[in-house]
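To keep things clear, I will list the structure first and then write my remarks on it.
Since the model is a prediction, treat every value here as computed from it, not as a measurement.
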Amino acid sequence: MTNMAKGTRESVLIIGGSGVVGSRTARTLRALYPDLPIAIGGRDLAKAAAVAEQVGRARPVRVDLERPDLGQPAGQAYGAVIMFVKDERMNALRFAQENGAAYVDISTVAFELAPEVALHAQRPRSAPILLASHWLAGSATLPTLHFARGYARVESVAIGVVLDEQDVGGPAAYADFERQTRAGLNALLLKDGRWIWVGGEESSRSFVTVDGTEVKGQIYPVLDPMSIAAATDARSIRFDLVLGETASRRRGEPFSTEIVIELEGVKNDGARGRSRHELVHPEGQAPMTAVGVAVAVERLLGLAGGERVAPGLYHPNALIDPEHMLDRLAAFGTRIRSA
């Protein structure tokens with residue numbers, strides 16, 4: 001392991017980096033950027049050290065979210081702070097603002113945004129803040145916007161995802177899922193051009209999975225509908241989740257993860273049309289989430305060319321080219337099919 005100089009603006013602190021998705025993200029970043037300094041942050045230094053050893057050119061860091069300085073030495077700064085755990089005190093975001101570090105959050109869903117938005121409004125020029133609590137850190141929204149380029153006008157978008165019940169993740173991911181689903185029966189939906197809170201029968205929808213099985217999904221409060229609405233002219237957008245058995249397990253194989261995107265509108269040739277697109281990763285949700293976060297980090301820090309992102313409040317689609325995201329997903333094992 002190498003030491004990381006204090007104040008390195010290119011270094012990345014992954015809080016929750018020893019968890020299932022955090023460690024996968026660290027390995028993905030290392031595969032893309034062999035020399036990127038990475039700090040694996042967590043409460044258990046031994047676990048963080050084990051992951052840092054696997055990642056290479058990384059170091060373990062004990063993080064205390066109850067402290068404003070996160071328990072970091074005086075003068076320690078990072079180029080980016082990536083959150084894989086819920087920070088109820090907002091100390092990590094304040095720490096990023098104090099140090100001008102990019103901040104990425106993937107666990108704060110629609111009904112929880114107010115504290116982060118308020119901190120940005122108070123200090124709008126302090127740091128770039130990426131609200132990436134989209135499904136698998138943008139793995140549904142950015143492909144949707146890529147496929148929407150085939151339309152002159154998108155009128156409706158329906159996204160259905162299947163998360164295998166064996167693939168919920170580690171303790172932090174399970175805590176996020178449990179917290180978010182408590183509000184899932186009443187979630188925001190764009191219907192006929194109006195944002196409405198829905199519950200009851202309207203909160204569920206049947207769709208067909210990648211192997212032709214019809215399932216019943218439940219509306220889920222991720223940020224995908226808001227981003228897609230801002231980027232398109234669609235008048236109806238909804239996002240539904242099924243927690244159950246994926247198509248691969250029905251075939252007797254290990255769990256996978258599935259995203260089904262259905263678009264309707266006026267195609268570029270002027271004719272009305274519909275299209276269906278499927279994304280499947282045979283190893284489940286962790287590798288897709290890892291790619292989403294890694295692509296966000298490379299864009300925020302300017303690692304793939306271009307300038308570092310200026311302070312501001314962002315969603316992934318404001319920063320990341322959808323085609324680039326699709327290419328990265330495919331390169332790390334996502335299977336993409338248009339039907």
* Stepwise, does the side-chain contact (heavy atoms from CB on, under 4.5 Å) test hold for Arg67 with Asn91? -> CA-CA 7 Å; Arg67 292 179 49 169; Asn91 280 331; 5.6 Å; no

* Quick one: does Thr246's side chain get under 4.5 Å of Thr257's, heavy atoms only? -> no

* **Nearest atoms (heavy-atom pairs only) where Ala101 meets Ala127** => O-CB, 3.2 Å

* To do: Could you walk me through whether Glu116 and Ile129 pass side-chain contact (heavy atoms from CB on, under 4.5 Å), step by step?
  => CA-CA 9 Å; Glu116 289 178 325; Ile129 300 169; 5.5 Å; no

* Asked: Do Arg94 and Leu119 come within less than 4.5 Å of each other through their side chains, counting heavy atoms only?
  -> yes

* **ILVMFWY cluster, Val161 and Phe147 together (side-chain gap under 4.5 Å)** => yes

* Show your reasoning for whether side chain to side chain donor-acceptor pair (under 3.5 Å) applies to Arg251 and Ser256. => CA-CA 11 Å; Arg251 297 192 300 267; Ser256 56; 6.0 Å; no

* Sequence-distant partners of Ala102, side-chain contact (heavy atoms from CB on, under 4.5 Å), two or more places apart -> Ala80, Pro128, Leu300

* Does the pair Lys267/Asp269 count as a salt bridge with the N-to-O cut at 4.0 Å? -> no

* To do: Answer yes or no: is there a side-chain heavy-atom contact under 4.5 Å between Val63 and Gln72?
  => yes

* Heavy-atom check, side chain of Val61 versus side chain of Gln76, under 4.5 Å -> no

* Indicate yes or no: does Arg123 engage Glu98 in a salt bridge with an N to O separation below 4.0 Å. => yes

Pair up each side-chain donor or acceptor in residues 33-47 with any protein partner under 3.5 Å, not counting sequence neighbours, and list the distances.
residue	atom	partner	partner atom	Å
Tyr33	OH	Glu298	OE1	2.4
Asp44	OD1	Ala46	N	3.0
Asp44	OD1	Lys47	N	3.2

* Within-4.5 Å side-chain heavy-atom neighbours: Leu93 and Asp87 -> no

* Any chance you could lay out the side-chain contact (heavy atoms from CB on, under 4.5 Å) test for Leu70 and Leu65, step after step, and finish with the verdict? => CA-CA 5 Å; Leu70 306 184; Leu65 290 176; 4.0 Å; yes

* Asked: Between Glu278 and Arg276, is the closest basic N to carboxylate O distance under 4.0 Å?
  -> yes

* Side chain Thr108, main chain Glu112, donor-acceptor under 3.5 Å -> no

* Would you say the side-chain atoms of Glu258 pair up with the backbone N or O of Ala247, donor to acceptor, closer than 3.5 Å? -> yes

* For Glu283, enumerate each residue passing the side-chain contact (heavy atoms from CB on, under 4.5 Å) test, keeping only those at least two apart in sequence or located in another chain. => Arg24, His281, Pro287

* Is Val260 close to Val208 at the side-chain level, that is, under 4.5 Å between some pair of heavy atoms? -> no

Only pairs under 3.5 Å count here: list side-chain donor-acceptor contacts from residues 221-235, not counting sequence neighbours, and write none if there are none.
residue	atom	partner	partner atom	Å
Asp224	OD1	Trp135	N	2.8
Asp224	OD2	Thr141	N	3.4
Asp224	OD2	Thr141	OG1	2.7
Ser227	OG	His134	NE2	2.7
Ser227	OG	His315	ND1	2.6
Ser227	OG	Asn317	OD1	3.0
Thr232	OG1	Ile228	O	2.8
Thr232	OG1	Ala234	N	3.2
Arg235	NH2	Asp192	O	2.8

* **Min side-chain heavy-atom separation Leu142-Leu326 under 4.5 Å** => no

* Check ion pair Arg249-Glu165 (N to O, under 4.0 angstrom) -> yes

* **salt bridge (Lys or Arg N to Asp or Glu O under 4.0 Å) against Arg335, all qualifying residues, sequence neighbours excluded** => none

* Asked: Does the side chain of Ser236 pick up a donor-acceptor pair with the side chain of Glu155 at under 3.5 Å?
  -> no

* Asked: Does the distance from a Lys or Arg side-chain N to an Asp or Glu carboxylate O, for Arg274 and Glu262, drop under 4.0 Å?
  -> no

* Asked: For His146, what residues pass the ring-ring contact (aromatic ring centres under 6.0 Å, His included) criterion, not counting sequence neighbours?
  -> none

* Is a side-chain N or O of Ser133 found less than 3.5 angstrom from the main chain of Ser107, in a donor-acceptor match? -> yes

* Before giving the answer on side-chain contact (heavy atoms from CB on, under 4.5 Å), spell out for Val291 and Ser139 the whole-Å C-alpha distance, their side-chain angles and the decisive distance to 0.1 Å. => CA-CA 8 Å; Val291 168; Ser139 295; 5.8 Å; no

* Under 4.5 Å between any side-chain heavy atoms of Leu301 and Val12, yes or no? -> yes

